[in-house]
Amino acid sequence: MGDKKSLLETAIIEFYREEIRQRYQLERLREIPEFGIIPDAMLDALREFFLASLYPPAKDRTRMDEAFDDLIHLLSSPGRLKPLIGAAISSMLRLSFHLPAIVSTGLATIDAIKQTRQFETCLMAVAETIRPELEGVLGGKKSSQKYRQTMLRLISGVPEGTVRTLIDNVIRLFSALSDVKMLTGMLYLVERCVVVMESRTDVYTDKDRDSMKLCLEVLRGGHNLFVQLKPKDFPTLLKGIERVEVGWYESVSGQ
């Protein structure tokens, strides 16, 4: 699926992933008051969910983005959705799941994930303005101070409004995922869709099935994360994530 990422784009993606890895290290999260009620295991799972599902490695990025595009197209196409719904609707009704709400939440969740990618698009635009400097450090050690300072200057070049919008979209995404009952319904629907798609090779392609399975992995990751929390703790977790993201940006923009 898709084209191979350029050296510069790969470097930007991997640098930003490493920044996420560092700011969500357990010892740093323990300095955030809101995370005081969250078990260590869940904080570790939160970091891994960021790295595996929201900001995967560059080699997996195009495949995941295309999978989300495919799922949006499927959920927006009544003709292609009908065989899937026919197989799942009766069981969903018995479990008190409401299909329109599940589809709507699913689309909103995917849109929020896609919107987080806009930050990287902005980074690439800024990169073009300092390309010679960036290319000068790409061949060096990624652990060097010069490399990190150059990449941080790139991030600080993104308009503040764009970064604030990114943070809002991250919070919007986690807010959608924290509705565990709705997320369970989404997970069940996609699982049933995979079963039907495996049997209807006359309607769905290998690419359709691969895309649905990849989306299922993301949903399972979100479900495994949030099922560990009590509903009353969700708002506190969201505030903690916002504090981490805002604090990181303010520290970077002050470089």
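All of these numbers come straight from a predicted model, not from anything done at the bench.
Residues R209 and D206 are paired through a salt bridge, judged by an N-O separation under 4.0 Å between the basic side chain and the carboxylate. Between E250 and R164, at least one side-chain N (NZ, or NE/NH1/NH2) sits under 4.0 Å from a carboxylate O, which counts as a salt bridge. Between R21 and E18 there is a salt bridge, with a side-chain nitrogen of the basic residue lying less than 4.0 Å from a carboxylate oxygen of the acidic one. Between K239 and E242, none of the side-chain N atoms (NZ, or NE/NH1/NH2) sits under 4.0 Å from a carboxylate O, so this pair counts as no salt bridge. Salt bridge status for R63 with D210: absent, with no side-chain N to carboxylate O gap under 4.0 Å. Under the 4.0 Å criterion applied to side-chain N and carboxylate O atoms, K230 and D233 are not assigned as salt-bridge partners. A salt bridge is absent between E9 and R61: the closest approach of a Lys/Arg side-chain nitrogen to an acidic carboxylate oxygen does not fall below 4.0 angstrom.
The shortest side-chain heavy-atom distance between V218 and F68 falls under the 4.5 Å cut-off. The shortest distance between side-chain heavy atoms of E19 and M151 does not fall below 4.5 Å. The side-chain heavy atoms of I241 and F35, taken from C-beta on, include a pair separated by under 4.5 Å. Side-chain contact between E48 and S53: absent, with no pair of heavy atoms (C-beta onward) separated by less than 4.5 Å. For the pair L54 and I20, the minimum side-chain heavy-atom distance is 4.5 Å or more. Between L187 and T184 the shortest side-chain heavy-atom distance does not fall below 4.5 Å. For the pair D44/Y24, no side-chain contact is recorded, criterion being any heavy-atom separation below 4.5 Å from C-beta on. Residues K59 and T10 have side chains not in contact (no heavy-atom distance under 4.5 Å, counting atoms from C-beta outward).
Looking at E14, its side chain does come within 3.5 Å of a backbone N or O of A58 through a donor-acceptor pair. Within the 3.5 Å criterion, the main-chain N or O of T165 finds a donor-acceptor partner in the side chain of N169. Looking at R17, its side chain does come within 3.5 Å of a backbone N or O of Y55 through a donor-acceptor pair.
E31 pairs by the salt bridge (Lys or Arg N to Asp or Glu O under 4.0 Å) definition with nothing, not counting sequence neighbours. Judged as a ring-ring contact (aromatic ring centres under 6.0 Å, His included), and not counting sequence neighbours, the contacts of F234 are F226.
Using modelled atom types, one finds a donor on one side chain and an acceptor on the other under 3.5 Å when comparing D208 with T205.
Closest heavy-atom contact between A52 and M64: O-CE, 3.8 Å. Closest of all the heavy-atom pairs between A127 and I12 is CB-CD1, 4.1 Å. Taking each heavy atom of M42 and L225 in turn, the nearest pair found is CE-O, 3.0 Å. Closest approach of I155 and L123 over heavy atoms only: CA-CD2, 3.7 Å. The two residues I13 and P57 make their nearest non-hydrogen contact at CG2-C, 4.5 Å. Taking each heavy atom of C215 and A67 in turn, the nearest pair found is SG-O, 3.8 Å.
Remark: D40 CG to E27 CD distance equals 10.5 Å, nearest 0.5 Å. Atom OG of residue S156 and atom CD of residue Q149 lie 9.5 Å apart, to the nearest 0.5 angstrom. Rounding to the nearest 0.5 angstrom, the gap separating the CD1 atom in I32 from the CZ atom in R30 is 11.0 Å. Here the CE atom belonging to M197 is positioned 9.5 Å from the NZ atom belonging to K213, to the nearest 0.5 angstrom. C122 contributes atom SG, which lies 10.5 Å from atom CG of L154 (distance to the nearest 0.5 angstrom). How far CG of L166 is from CD of E245: 7.0 Å, rounded to the nearest 0.5 Å.
Among residue pairs with one or both ends in residues 112-138, those qualifying as ring pair (Phe, Tyr, Trp, His ring centres under 6.0 Å) are Y16-F119; sequence neighbours excluded.
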Run the side chain to side chain contact (heavy atoms under 4.5 Å, CB included) test on R148 and F15 for me, step by step, so that the C-alpha distance in whole Å, both residues' side-chain angles and the decisive distance to 0.1 Å come before the verdict. CA-CA 8 Å; R148 187 168 190 275; F15 179 79; 4.0 Å; yes

Before you tell me yes or no, could you show the steps for F174 and F50 under side chain to side chain contact (heavy atoms under 4.5 Å, CB included), namely the whole-Å CA-CA distance, both residues' side-chain angles and the distance that decides it to 0.1 Å? CA-CA 10 Å; F174 278 98; F50 263 109; 3.6 Å; yes

query = Do L237 and S178 pass the side chain to side chain contact (heavy atoms under 4.5 Å, CB included) test, and can you show the C-alpha distance, the side-chain angles, and the key distance before you say yes or no?
reply = CA-CA 10 Å; L237 177 67; S178 66; over 6 Å; no

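In terms of hydrophobic clustering, with Ile, Leu, Val, Met, Phe, Trp and Tyr side chains grouped at heavy-atom distances under 4.5 Å, L219 and V195 are assigned to different clusters.
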